[in-house]
Chemist: 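Pasting in a structure now, in structure tokens, and then I'll have a few things to ask.
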Amino acid sequence: QVQLVESGGGLVQPGGSLRLSCGASGNFFSRSVMGWYRQAPGKQRDLVATISRFGLTDYTDSVKGRFTISRDNAKNTAYLQMNSLKPEDTAVYYCNARTVDVNRTYWGQGTQVTVSS
């Protein structure tokens, strides 16, 4: 059963922008902290950003000022706006949902972001 689906990845030049979307197919979205993670080849999957159901956000230092996480609870969708992209941002980006009422975590299958000239 597919519950989170990412879209919006692709190839972009350094300095460019992409917006990732994460659509949730279930009633858990509004009860969840949403997050974006990324994993580069040969590296660990790392947190990029999170947003609570109240709109509180947190970012890893390397993306602060460049990336913005947001959510639309009516659409069951989370977003990651990525600006001023750098080659080191290249990775597979994964959407994550963690419910706050019960202990459940959901993962999307990932979308590739490649930053290259």
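Because the structure is predicted, anything quoted here is derived from the model rather than measured.
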Chemist: Working to the nearest 0.5 Å, report the span between CG of Asp89 and OG of Ser62.
Modeler: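 The distance works out to 7.0 Å.
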Chemist: Do the side chain of Arg31 and the main chain of Val102 share a donor and acceptor less than 3.5 angstrom apart?
Modeler: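 Between the backbone of Val102 and the side chain of Arg31 there is no qualifying donor-acceptor contact (under 3.5 Å).
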Chemist: Would Arg71 pass as a cation-pi partner of Phe29, given that its NZ or CZ must be under 6.0 Å from the six-membered ring centre and within 45 degrees of the axis?
Modeler: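 Yes.
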Chemist: Do Glu88 and Thr90 meet the criterion of a side-chain donor-acceptor pair at a distance under 3.5 Å?
Modeler: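 There is no such pair (donor and acceptor under 3.5 Å, judged by atom type) between the side chains of Glu88 and Thr90.
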Chemist: I would like to know whether Trp36 and Phe67 meet ring-ring contact (aromatic ring centres under 6.0 Å, His included); could you show each step before the answer?
Modeler: CA-CA 11 Å; Trp36 287 94; Phe67 291 11; over 10 Å; no
Chemist: Which value, rounded to the nearest 0.5 Å, describes the distance between Gln109 atom CD and Gln3 atom CD?
Modeler: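 Nearest 0.5 Å value for the CD-CD distance: 11.5 Å.
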Chemist: Determine the minimum heavy-atom distance between Arg38 and Ala91, stating which atoms define it.
Modeler: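 That would be CB-CB, 3.8 Å.
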Chemist: Do the non-hydrogen side-chain atoms of Asn73 and Met34 ever get within less than 4.5 Å of each other?
Modeler: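 Of all side-chain heavy-atom pairs linking Met34 with Asn73, none is under 4.5 Å.
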Chemist: Quick one: closest heavy-atom pair of Arg66 and Ser84, and the distance?
Modeler: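 Scanning both residues completely, I find the closest heavy atoms to be NH1-O, 3.0 Å.
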Chemist: Between Asp61 and Lys64, does any side-chain N to carboxylate O distance fall below 4.0 Å?
Modeler: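 A salt bridge is present here (some side-chain N lies under 4.0 Å from a carboxylate O).
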Chemist: With rounding to the nearest 0.5 angstrom, report the CG to CZ distance, Asp101 to Arg53.
Modeler: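 Result: 8.0 Å between the selected atoms.
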Chemist: Would you mind writing out the side-chain donor-acceptor pairs for residues 45-52 within the sub-3.5 Å range, not counting sequence neighbours?
Modeler:
| from | atom 1 | to | atom 2 | distance (Å) |
| --- | --- | --- | --- | --- |
| Ser52 | OG | Phe54 | N | 3.1 |
| Ser52 | OG | Gly55 | N | 3.3 |
| Ser52 | OG | Leu56 | N | 3.1 |

Chemist: Membership question, hydrophobic clusters at under 4.5 Å side-chain separation (ILVMFWY): are Val113 and Tyr59 in the same one?
Modeler: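 Cluster IDs for Tyr59 and Val113 match.
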Chemist: Let me check something: any side-chain donor-acceptor pairs from residues 8-28 under 3.5 Å, sequence neighbours excluded? List them with distances.
Modeler:
| from | atom 1 | to | atom 2 | distance (Å) |
| --- | --- | --- | --- | --- |
| Ser17 | OG | Asn83 | OD1 | 2.9 |
| Ser25 | OG | Val2 | O | 2.7 |

Chemist: Tell me, with the steps shown, if Asn96 and Tyr94 meet side-chain contact (heavy atoms from CB on, under 4.5 Å).
Modeler: CA-CA 6 Å; Asn96 169 270; Tyr94 296 91; over 6 Å; no
Chemist: Which atom pair, heavy atoms only, marks the closest approach of Thr77 to Lys75?
Modeler: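 So the two residues come closest at OG1-O, 2.9 Å.
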Chemist: Under a single-linkage definition using a 4.5 Å side-chain heavy-atom cutoff for Ile, Leu, Val, Met, Phe, Trp and Tyr, are Tyr106 and Val5 assigned to the same hydrophobic cluster?
Modeler: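 Cluster IDs for Tyr106 and Val5 differ.
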Chemist: For the pair Glu6 (side chain) and Cys95 (backbone), establish whether a donor and an acceptor sit closer than 3.5 Å, ignoring hydrogens and angles.
Modeler: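 Confirmed, Glu6 side chain pairs with Cys95 backbone.
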Chemist: Within a strict 4.5 Å, meaning less than it, do heavy atoms of the Tyr93 and Met82 side chains meet?
Modeler: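 A side-chain contact exists here, since the closest heavy-atom pair is under 4.5 Å.
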Chemist: Looking at Val100, is its backbone amide N or carbonyl O close enough to the side chain of Arg104 to form a donor-acceptor pair, meaning the two atoms are under 3.5 Å apart?
Modeler: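 Judged by distance alone, no pair lies under 3.5 Å.
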